[in-house]
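The analysis underlying the following values was restricted to heavy atoms, covering all of them including side chains, and did not include hydrogens, waters or symmetry mates. Just so you know, ligand 1 is whichever comes first in the structure, and atom 1 is the first atom listed for that ligand.
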Amino acid sequence: MSAVLVVNSGSSSFKYQLIDSESEESLASGLVERIGEASGRTSHRGPDGTSERTLQIPDHTAGFRAMLDAFAEHGPSLDENPLDAVGHRVVHGGKRFFEPTVVTPLVEINIEDLSDLAPLHNPANLQGIRAARAAFPDVPHVAVFDTAFHQTLPPAAYTYAIDAGLAERHRVRRYGFHGTSHKYVSEAAARFLGRPIEELRQIVLHLGNGASACAVRGGRSVETSMGMTPLEGLVMGTRSGDLDPAVLLHLARRAHLGTDELDELLNRRSGLLGLSGRGDMRDVRQAAENGDEAARLALDTTIHRLKHYIGAYTALLGGLDVLVFTAGIGENDARLREETLEGLGFLGIELDPERNAASDRGARVISTDGSAVTVLVVPTNEELEIARQSLQAVARERAD
Ligand code: ADP
């Protein structure tokens with residue numbers, strides 16, 4: 001049995017999952033966190049149980065050593081499940097990376113070069129890649145980019161209407177994110193319905209802490225709500241989403257906020273948190289049910305923005321066949337799905353209240369049998385998609 005190790009690395013933590021290359025089953029998963037702090041922590045779930053450990057983890061390299069100890073102790077054995085590949089989530093691939101790419105020193109330099117577009121994410125992703133390559137020097141490492149699925153956006157969709165020369169020099173354009181999830185979910189939806197993806201016009205709503213919508217025609221992303229960074233688009237847990245850019249100018253002039261403060265405001269203190277004081281949708285919903293008006297407004301703003309995007313993307317696609325909800329909120333919050341689709345009967349969207357309220361876990365239809373648009377809930381699985389794409393990249397390279 002061989003496997004793929006999927007790594008999602010942040011600056012002070014990384015998550016991992018071991019996925020069987022054949023059966024696609026998850027064999028183990030874990031988290032190494034508080035890297036660089038006085039006391040770090042690992043948690044690991046394997047076939048022989050779970051473990052939690054507190055120890056000092058000075059850097060990512062030490063983090064991978066701690067992960068290997070956890071595998072040795074709680075399984076599965078990496079000798080009995082040799083790695084076909086290590087797949088790394090990388091947030092920003094710019095316009096250079098349009099497919100999963102086997103990591104070489106040059107690829108590392110290119111990921112680093114894109115750090116000015118994703119200063120929080122790419123350097124952290126790269127730390128994970130470098131440490132993992134040191135831990136597994138004989139295994140191919142593959143970078144799987146969040147932006148790659150959106151490389152099919154037409155120029156009219158990815159262009160901001162600003163000075164073209166300036167935009168070109170500073171790589172200012174829309175790139176889109178959550179691509180791994182949008183690809184996985186749109187393909188899983190077509191498979192679930194037993195319909196060829198080439199025929200389908202789909203909207204995928206990935207609603208987690210970060211949230212984005214994607215219009216998918218024939219399996220290709222043609223429009224998505226996140227832009228040059230993951231800030232644009234829907235109302236998110238702590239991010240504002242769409243905003244008149246002049247708001248920034250106004251706040252800079254009148255409230256004397258500098259660039260770092262504006263960055264912090266829009267990325268970390270806006271969205272549900274900024275509106276209601278709560279960034280987690282479960283808390284917002286609970287508060288709204290208890291009569292909290294700010295929480296109700298946060299929900300209404302979220303829903304208004306979602307309707308706006310569903311309408312816009314249906315127009316761009318020239319009609320709609322399938323609408324899919326996914327991620328933490330999309331998969332679990334039936335009330336939000338219901339409120340979002342209320343009044344969209346004119347688009348051919350008819351929700352079945354009972355199907356929508358059922359607490360099944362897998363992929364399921366939640367529209368009526370007569371609904372012209374099939375509405376689905378499809379659980380996302382970004383780790384599995386990264387594992388699949390990593391194996392494909394390795395196979396492609398071997399064939400070259
Ligand atoms: P991430 O983007 O961090 O991967 P998730 O996809 O796990 O996030 O989504 C997290 C969001 O999902 C949180 O806002 C959380 O409140 C929400 N969520 C999870 N379960 C439920 C639920 N049963 N009802 C409403 N929201 C939920």
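Taking a 4.0 Å cut-off on heavy atoms, R282 registers as neighbouring ligand 1. Heavy-atom separations between G237 and ligand 1 are all 4.0 Å or longer.
Nearest protein heavy-atom neighbour of atom 22 (C) of ligand 1: N332 CB, 3.3 Å. In this structure, the protein non-hydrogen atom closest to atom 13 (C) of ligand 1 is N209 OD1, 3.7 Å. For atom 14 (O) of ligand 1, the closest heavy atom belonging to the protein is M281 N, 3.0 Å.
Below 4.0 Å from some heavy atom of G210 lie the following atoms of ligand 1, by number and element: 2 (O). Near G208, meaning under 4.0 Å from one of its heavy atoms, ligand 1 places the atoms 2 (O), 5 (P), 6 (O), 8 (O), 9 (O).
In terms of polar-atom proximity, defined here as any N/O pair under 3.5 Å, I329 does make such a contact with ligand 1. An N or O contact shorter than 3.5 Å is missing between D333 and ligand 1 by distance.
Residue G328 holds the heavy atom nearest to atom 6 (O) of ligand 1 of all those in P379, G328, A334. Scanning T380, D280, L207 for the heavy atom closest to atom 15 (C) of ligand 1 points to D280.
Ion pairing between E108 and R133 holds under the 4.0 Å rule for side-chain N and carboxylate O. Using a 4.0 Å cut-off between charged side-chain N and carboxylate O, D360 and R355 make no salt bridge. Between D69 and R53 there is no salt bridge, since no side-chain nitrogen of the basic residue lies less than 4.0 Å from a carboxylate oxygen of the acidic one.
Taking the centre and axis of the six-membered ring of F98, the NZ or CZ atom of R96 falls outside the cone set by 45° and 6.0 Å.
In this structure, R364 contributes its side chain and G362 its backbone to a donor-acceptor pair below 3.5 Å.
Taking E223 as the reference, R174 meet the salt bridge (Lys or Arg N to Asp or Glu O under 4.0 Å) condition, with sequence neighbours excluded. For F64, the ring pair (Phe, Tyr, Trp, His ring centres under 6.0 Å) criterion is met by F14, not counting sequence neighbours.
The shortest distance between side-chain heavy atoms of V235 and S240 does not fall below 4.5 Å.
Using a 4.0 Å threshold on non-hydrogen atoms, atom 4 (O) of ligand 1 does not count as touching the protein.
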